[in-house]
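Just follow the structure's listing: the first ligand is 1, and inside any ligand the first atom is 1. Quantities reported herein were computed from a predicted structural model and do not represent experimental measurements. Throughout, residue positions are numbered sequentially from 1 according to the sequence presented.
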Amino acid sequence: MNRKLSIPILGQGDPNRPQDVHLVGRYALGIDWTDGHGSIFPFEHLRRACPCGACAELAAPPAAATWPQDIKKLDDALRIRWTDGHESLLGYVDLRAGCRCAACTGVHG
Ligand SMILES: [Zn+2]
Ligand SMILES: [Zn+2]
């Protein structure tokens, strides 16, 4: 195990820790982080972000591959079981780094 270098600063929110995970509409997952930031990830984006490597290669993922069967908050990752039976472990640090909102991508509207 390589330990994380970041030292938690207690008393304020951790940008890599989810406070609340919820569904957004019918095709996306929303994560509110403990630092107050909110991210929205379409299911297909989450499937492609799967660290196994094979999922990112899916050209046109079938519907079952982008539909979560269940989602579980683990200590440092989100576990998503897809209806096609595949399982993805998405680390919170990576998820937060993959936030596509305007503030995180530096795109100014
Ligand atoms: Zn995968
Ligand atoms: Zn963001």
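Side-chain contact, His22 with Asp20: a donor N or O sits under 3.5 Å from an acceptor N or O.
Counting only protein atoms, the N, O or S atoms lying less than 2.8 Å from the Zn ion (ligand 1) are Cys50 SG, Cys52 SG, Cys55 SG, His86 NE2, ordered by chain and residue number.
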Would you mind writing out the side-chain donor-acceptor pairs for residues 50-69 within the sub-3.5 Å range, not counting sequence neighbours?
{"residue": "Thr66", "atom": "OG1", "partner": "Ala63", "partner atom": "O", "Å": "3.3"}

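The number of protein N, O or S atoms lying under 2.8 Å from the Zn ion (ligand 2) is 4.
No salt bridge links Asp14 with Arg96; every basic N to acidic carboxylate O contact stays at or beyond 4.0 Å. Of the charged side-chain nitrogens involved, none lies within less than 4.0 Å of a carboxylate oxygen, so that Asp32 and Arg17 do not count as a salt-bridged pair.
Residues meeting the side-chain contact (heavy atoms from CB on, under 4.5 Å) test with Asp70, sequence neighbours left out: Arg79, Arg81.
One distance of note links CH2 of Trp33 with SG of Cys99; it measures 8.0 Å at 0.5 Å rounding. Atom CG in Leu90 sits 6.0 Å away from atom CG in Leu46 (nearest 0.5 Å).
Residue Leu74 places its CG atom among more than 12 non-hydrogen atoms of other residues, nucleotides or ligands, all under 6.0 Å distant.
Proximity of a side-chain donor or acceptor of Tyr92 to a complementary backbone N or O of Ala77 within less than 3.5 Å is detected.
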